[in-house]
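Chain letters run A, B, ... following the sequence lines, proteins first, then strands; residues in each count from 1.
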Amino acid sequence: MKRHLLSTEDLSRDDALLVLDTAERMARVAEASVRKLPTLRGRTVVNLFFEDSTRTRTSFEVAAKRLSADVINFSARGSSVSKGESLKDTAQTLEAMGADAVVCRHSASGAPHRLATWVRGSVVNAGDGTHEHPTQALLDAFTMRRRLGRVDGLAVTIVGDVLHSRVARSNVWLLTTLGASVTVVAPPTLLPLGVSSWPVEVSYDLDAVLPKSDVVMMLRVQRERMSAAFFPTEREYSRRYGLDVDRAARLADHALVMHPGPMVRGMEISSQVADSARSTVVEQVANGVSVRMAVLYLLLGGSGETT
Amino acid sequence: MSGETVAPANTAGSGHTAGSGHTAGSGNGRGQGGSWVLRRVRPLGGDPVDVLLTDGIVGAWRPAGSTSPDSEGLPPGTTILDTDGLILLPGLVDLHTHLREPGREDAETVESGTRAAALGGYTTVFAMANTTPVADTAGVVEQVWRLGLDAGHCDVRPVGAVTVGLAGQRLAELGAMADSAAGVRVFSDDGHCVSDALLMRRALEYVKAFDGVVAQHAEEPRLTAGAQMNEGEVAARLGLPGWPAVAEEAIIARDALLAGHVGSRLHVCHVSTAGSVDLIRWAKAKGWQVTAEVTPHHLLLTDDLVSSFDPVFKVNPPLRSARDVEALREGLADGTIDCVATDHAPHALEDKETEWAAARPGMLGLETALSVVMETMVVGGHLDWAGVARRMALAPARIGGLPCTAGDPGSSLAVGAPATVTLLDPSPRRVVDADALASRSRNTPYAGRSLPGAVRATFLRGRPTVLDGKVV
């Protein structure tokens with residue numbers, strides 16, 4: 001593994017598989033009676049969250065604690081960051097505290113990359129702007145592999161606000177690296193202009209793509225996108241790109257429905273579909289802890305062998 | 001570059017000795033700088049000759065190497081410089097410089113910015129209006145102009161804001177700035193686009209009264225809200241909001257039509273896209289008075305550099321694609337783009353050592369421009385040195401309304417022309433060291449990059465501002 005996990009775009013197939021295999025072993029820890037490993041005892045993991053995200057922060061916190069690391073939660077709100085302290089100052093502060101790993105969530109694309117140039121410890125990108133969210137993609141791939149036995153050769157359809165989605169970007173790179181074929185479906189306004197250079201198929205027609213999909217991944221669509229004229233109304237979006245029961249019936253029996261959360265029920269996904277047997281939404285949360293344990297373990301000096 | 005001084009001639013009744021240029025630092029830049037012979041210099045890269053600079057003008061051309069301290073006709077105190085192999089160019093003119101004073105003296109001052117200019121071979125810079133306070137009154141433009149005189153490293157021609165406070169709402173007192181001691185002829189809201197079509201039309205018409213020109217920062221603001229980099233493949237990958245080419249091109253098309261309609265002069269700042277080159281070519285073919293500039297960085301750098309997320313590569317308009325770079329080089333070569341302008345934009349470290357979105361856009365340019373143009377245009381065969389003289393000295397001088405500008409590169413160095421010249425050593429390659437620059441800021445995108453050529457000397461009306469690559 002490299003020292004940092006900043007993106008899946010530059011993650012090799014071998015490293016990605018190493019994370020997934022390690023996560024598999026970590027998942028068994030979660031199933032044991034004592035759900036804790038001593039591996040990272042004495043190491044310090046800082047959760048540096050400039051954006052509110054209770055789900056992701058908690059997932060990293062649980063992961064670090066299961067590996068016996070000391071966890072410091074450093075949120076922008078109520079700290080010196082809200083008083084105008086720069087990212088570089090924050091980095092130097094963490095450096096002085098001896099952080100072994102910094103888990104960074106930031107609203108600016110590339111912020112963890114900058115951070116990585118200023119600290120000695122490992123930086124884990126926990127979501128940067130509209131760029132990447134690599135651990136989300138790793139947990140999604142992990143979930144597919146657990147449910148369907150493989151990622152290689154799967155047809156994965158990613159639906160929704162691809163333009164603003166770091167989850168979509170990380171999944172596109174990781175899943176194609178792992179041999180899946182990816183189709184993105186969205187209104188043209190919510191696809192980046194440069195999408196033609198991505199290793200994906202592009203479609204505006206969800207109904208046509210669903211029967212061929214092994215996995216359909218629904219992305220959250222923020223209501224405020226309407227004000228910038230990305231689409232006319234919620235109802236129109238939902239009619240054309242939402243996954244309701246009727247539409248889900250076009251899926252093959254084995255096909256999965258995934259969502260990175262938080263969901264907007266009734267917008268991109270209906271409640272019945274979100275709670276159906278083919279939905280992996282809750283599993284994804286559980287798998288997130290295993291994958292983040294694996295990432296922290298591997299970055300902080302693990303050899304790939306669990307002790 | 002070594003020099004030896006001619007002893008005062010016995011026949012010289014005045015007893016005046018100019019020494020070896022040490023008188024140059026005094027005065028306000030209008031004084032004479034003694035007499036100099038540039039031995040074996042190559043005007044516009046041509047055959048070597050000895051060129052005499054005296055009384056602020058080009059005094060004589062003599063056969064190469066024929067001048068010695070004993071030569072007849074040399075004024076007393078003449079310094080003979082060994083300039084063997086150096087290329088002699090007319091002094092460079094930058095239509096687009098941010099000197100940051102008044103307001104952001106931590107990033108640049110008129111003194112530091114014009115030192116950088118002289119070291120880059122520039123003898124005139126046009127100082128952009130986006131200072132604090134904005135240069136939208138006669139008072140502020142005169143202040144900047146006087147600071148330039150005091151510094152004395154090159155001529156400073158202030159640019160006046162088109163609208164009050166660059167706010168795009170109502171016209172600034174353009175006539176007062178034109179009539180001021182600063183004699184403003186170029187007006188620009190640079191950094192902001194005069195996006196209101198009616199206001200732009202009025203500005204274009206109004207400045208005709210004093211032969212002014214409106215230099216437009218072409219950016220349709222509705223298409224670039226929140227934009228961080230060129231919209232395209234790299235932006236799609238990096239998840240940075242895109243700055244589409246059409247936001248520049250739509251304004252250029254509109255403004256060219258307006259300039260044609262009212263018969264006014266339009267200058268387009270920092271053209272960055274292939275489409276813009278096409279539009280300017282079209283406007284010129286119509287016979288409209290449209291001129292354009294391109295920056296050195298848009299001639300060399302592309303948007304894939306943004307992948308590092310290092311804001312030293314953040315600039316407005318943004319770095320574009322390789323296809324755009326090629327079109328800009330061709331446009332500059334064939335004259336569609338009239339000139340190179342640096343858009344030298346110093347920023348304090350804290351405005352660049354941040355996450356990408358929080359960083360301010362802009363790059364240093366004055367001290368590297370000639371080298372970048374040499375790399376992209378001369379080495380690549382797009383321009384000869386006469387072409388460089390046109391694009392970096394004569395055309396910007398003409399657009400900016402500078403007095404006494406010669407018509408062609410040859411006559412700009414002929415006997416009787418102002419001794420406002422630059423000497424470039426084309427042979428060395430150097431690795432750019434941000435800490436070695438004269439600018440107060442360090443935001444050069446070329447740090448660590450090898451570039452050809454080195455400015456060895458700059459003369460402003462016969463007075464050296466740079467000798468041996470150092471500020472005099």
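Once rounded to the nearest 0.5 Å, the distance linking CD of Glu353(B) with CG of Leu87(A) reads 10.5 Å.
Judged by distance alone, with hydrogens and angles left aside, the side-chain atoms of Arg114(A) form a donor-acceptor pair with the main-chain N or O of Thr354(B) at under 3.5 Å.
Proximity to chain B is absent for every atom of His164(A), based on heavy atoms less than 4.5 angstrom apart. Within the 4.5 angstrom heavy-atom criterion, no atom of Glu132(A) approaches chain B.
Taking chain A as the reference chain and counting heavy-atom pairs below 4.5 Å, the highest number among Ala357(B), Ser307(B), Ser308(B), Pro311(B) is found for Pro311(B).
Contacts from residues 224-243 of chain B to chain A, taken as heavy-atom pairs separated by less than 4.5 Å, involve Glu231(B), Gly232(B), Glu233(B), Ala236(B), Arg237(B), Leu238(B), Gly239(B), Leu240(B) in sequence order.
Side-chain contact between Phe309(B) and Ser109(A) is present, with heavy atoms from C-beta onward closer than 4.5 Å.
More than 12 heavy-atom neighbours from other residues, nucleotides or ligands sit within 6.0 angstrom of CZ on Arg442(B). Counted within 6.0 Å of CD on Glu201(A), heavy atoms from surrounding residues, nucleotides or ligands total 12 or fewer; the atom is thus considered open. Remark: Arg13(A) CZ is packed, more than 12 non-hydrogen atoms of other residues, nucleotides or ligands lying under 6.0 Å away.
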